[in-house]
Amino acid sequence: MARKKIALVGAGQIGGTMALVLAQKQLGDVVLIDIAEGVPQGKSLDIMEGRLVLGSSCIVEGSNDYAALKGSDVVIVTAGLPRKPGMSRDDLLDVNFGIIEKVGKAIKEHAPNAFVIVVTNPLDAMVYAMQKISGLPANKVVGMAGVLDSARLACFVAMELDVSAEDVQAIVMGGHGDTMVGLHDFCSVGGIPLPQLMDKATFDKLAKRTAGAGGEIVALLKTGSAFYSPGVSAIKMAEAFLLDKKSVVTVAASLNGEYGVTGGLYCGVPVKLGANGVEKIFQVKLSADEQKAFDVSVAAVKDLVAWVDKKMA
Ligand code: A3D
């Protein structure tokens with residue numbers, strides 16, 4: 001059986017990280033695509049030359065031509081500008097929409113059967129635009145944010161309790177912005193419900209840090225945003241699709257009535273990811289306060305999507 005093909009559109013910090021991790025995991029052959037001449041070629045050649053040491057036989061190529069998308073099973077899109085200190089994700093809306101428009105048209109032309117994972121910010125609005133522009137079915141177009149936001153919350157819970165991060169289950173729903181909602185009752189540590197180990201006030205502090213975690217890293221790096229953890233989070237989603245894992249993860253998915261959200265608006269909710277993309281959206285029972293916080297988060301996404309709809313009209 002031929003190897004799977006994974007296209008990474010955007011060969012910057014996240015794209016380069018993902019190419020290396022994909023080669024290590026040998027999930028398929030990789031093509032890095034970017035408008036910057038030489039960058040995708042240079043990064044792919046660098047990884048190719050490390051394959052003996054990595055113990056990998058994957059082919060990693062670089063291109064400046066969207067036609068290289070042809071035959072891709074998975075496309076992960078990070079093309080776009082990252083934040084600089086003081087910027088919110090929403091400040092990227094105008095410039096990154098123009099980029100998603102070009103990439104979405106290219107996916108429609110060259111890779112209409114792919115599973116598409118959008119990482120470009122502002123995430124929920126960009127994945128919504130991608131689905132509309134590419135015309136791909138909504139179950140095959142998702143946004144990466146919940147996997148990362150949940151991993152960040154799990155990290156902070158693990159640090160607070162001095163336990164292994166891999167034993168913490170956490171869930172963050174809503175839009176990928178300051179209004180994202182961490183769910184105390186849905187977290188657990190080695191199977192123990194978190195409320196038995198941590199009071200709500202402490203949890204709320206960690207959930208607040210999670211909502212600002214991207215900005216915390218931007219302020220430290222000064223020249224860009226987080227890339228290692230976003231990269232591995234997107235790969236987890238690609239892996240769920242490629243290996244038909246039926247993984248239960250939080251992703252930005254198209255909602256049509258779930259949680260009272262309509263119109264194909266994208267927002268972070270728990271789903272089952274497998275060979276058919278989003279195979280199920282889980283509708284968990286939220287408390288009145290959680291639902292209220294989720295609604296506020298959805299309203300923030302709606303504002304951005306209204307801008308996108310106007311641009312596409
Ligand atoms: P960066 O290292 O700047 O890489 C972006 C790459 O996109 C650059 O190499 C550009 O040349 C390339 N590019 C620009 N326009 C095009 C185009 N039309 N076609 C192809 N390539 C193009 O950024 P990064 O990798 O650090 O971040 C990429 C995006 O991910 C940004 O929008 C970030 O805000 C976003 N991001 C999202 C999360 C989430 O959790 C959702 C986390 C971190 C970063």
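Every number for a ligand or one of its atoms is a count from 1 in the order of the listing. Predicted model, so just to flag it, every value in this text is computed and none were measured.
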How far is [atom] from its nearest protein heavy atom, and which residue and atom name does that atom have?
atom: atom 23 (O) of ligand 1; result: Pro82 CG, 3.6 Å
atom: atom 27 (O) of ligand 1; result: Ile14 CD1, 3.6 Å
atom: atom 22 (C) of ligand 1; result: Ala79 CB, 3.5 Å
atom: atom 43 (C) of ligand 1; result: Ala226 O, 3.4 Å
atom: atom 4 (O) of ligand 1; result: Gly12 CA, 3.3 Å
atom: atom 5 (C) of ligand 1; result: Gly80 O, 3.2 Å
atom: atom 17 (C) of ligand 1; result: Tyr66 OH, 3.3 Å
atom: atom 11 (O) of ligand 1; result: Asp34 OD1, 2.6 Å

Please find the pair of heavy atoms, one from [X] and one from [Y], that lie closest to each other, and give the distance.
X: Pro122; Y: Leu304; result: CB-CD1, 3.9 Å
X: Ser72; Y: Val75; result: CB-CG2, 3.9 Å
X: Asp91; Y: Gly86; result: OD2-O, 4.5 Å

Ligand 1 contact on [X] by region, counting heavy-atom pairs under 4.0 Å:
X: Met144; result: both
X: Thr120; result: both
X: Pro230; result: side chain
X: Leu81; result: backbone

query: Would you say Ser225 touches ligand 1, if touching means a heavy atom closer than 4.0 Å?
result: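 Under 4.0 Å: yes for Ser225.
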
- request: Work out whether the distance between some heavy atom of Gly214 and some atom of ligand 1 is less than 4.0 Å.
  value: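 Gly214 does not count as a contact of ligand 1 under the 4.0 Å cut-off.
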
Below 4.0 angstrom, N of the basic side chain to O of the carboxylate: do [X] and [Y] qualify?
X: Lys246; Y: Asp244; result: yes
X: Arg3; Y: Asp29; result: yes
X: Asp204; Y: Lys200; result: yes

Ligand-side contact atoms (ligand 1) for residue partner [X], heavy atom cut-off under 4.0 Å:
X: Asn96; answer: 32 (O)
X: Asn121; answer: 32 (O), 33 (C), 34 (O), 35 (C), 36 (N), 37 (C), 38 (C), 41 (C)
X: Leu148; answer: 40 (O)

field: Side-chain heavy-atom pair Ile47, Glu61 within 4.5 angstrom cut-off
entry: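 A side-chain contact is absent here, since even the closest heavy-atom pair is not under 4.5 Å.
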
message: Run Ser57 and Gln26 through side-chain hydrogen bond (donor to acceptor under 3.5 Å, both in side chains) and show every step you take.
response: CA-CA 7 Å; Ser57 54; Gln26 305 209 67; 3.3 Å; yes

query: Between Gln131 and Ser254, does any side-chain donor sit less than 3.5 Å from a side-chain acceptor?
result: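 No pair is found: no donor N or O on one side chain lies under 3.5 Å from an acceptor on the other.
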
Sole candidate of Leu93, Val77, Asn121 that passes side-chain contact (heavy atoms from CB on, under 4.5 Å) when paired with Met126: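 Testing Met126 for a side-chain contact (heavy atoms from CB on, under 4.5 Å) against Leu93, Val77, Asn121 leaves exactly one candidate, Leu93.
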
task: Go through Asp309 and Tyr128 one step at a time and tell me if the side-chain hydrogen bond (donor to acceptor under 3.5 Å, both in side chains) criterion holds.
output: CA-CA 9 Å; Asp309 277 338; Tyr128 174 88; 2.7 Å; yes

task: Measure from atom 29 (C) of ligand 1 to every heavy atom in Val118, Thr78, Leu221, Val127 and give the option owning the shortest one.
output: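 Considering heavy atoms of Val118, Thr78, Leu221, Val127, the nearest to atom 29 (C) of ligand 1 sits in Thr78.
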
